[in-house]
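Only one structure is covered here, and it is reproduced in the block below.
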Amino acid sequence: MHADVHHLLHTTRASELRHEATAFRLPRSRLRTRVGWTLVEVGLRLTQSRDTAATTAPRAGAFRTA
């Protein structure tokens, strides 16, 4: 098989596969938005809990045993 024929067949099959893939693609914009905002909310909660835990807990150097 010549390289030109192989390239032509590859190009044709690749375009067919792209066309089939677009038919099965799910609309992900809403899902991505919801997941993104959920991650932002979780991150804010984590940073908020770390800040409050750090300010309310005594420091390790504050206790002296001897």
Side-chain angles (χ1 to χ4, degrees):
M1 185 182 300
H2 291 285
D4 295 338
V5 174
H6 180 72
H7 180 65
L8 179 64
L9 290 174
H10 173 72
T11 306
T12 304
R13 182 65 181 144
S15 67
E16 289 174 357
L17 288 174
R18 281 191 206 100
H19 186 301
E20 290 176 16
T22 57
F24 290 107
R25 186 169 293 162
L26 299 173
R28 296 195 281 176
S29 62
R30 288 184 183 174
L31 178 63
R32 283 185 182 180
T33 303
R34 284 180 28 206
V35 169
W37 281 112
T38 302
L39 289 174
V40 167
E41 184 179 352
V42 168
L44 289 174
R45 287 183 182 183
L46 286 173
T47 58
Q48 200 173 37
S49 66
R50 284 185 187 164
D51 289 344
T52 57
T55 57
T56 58
R59 293 180 144 184
F63 294 109
R64 293 191 180 184
T65 56

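Note that the structure is a prediction, hence the values are computed from the model and not measured.
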Spacing of Leu46 atom CG and Glu41 atom CD [to the nearest 0.5 Å]:
11.0 Å

Would you call Arg13 and Leu17 a side-chain contact if the rule is heavy atoms closer than 4.5 Å?
yes

Tell me whether the rings of His6 and His10 are parallel (<30°), tilted (30 to 60°) or perpendicular (>60°).
parallel

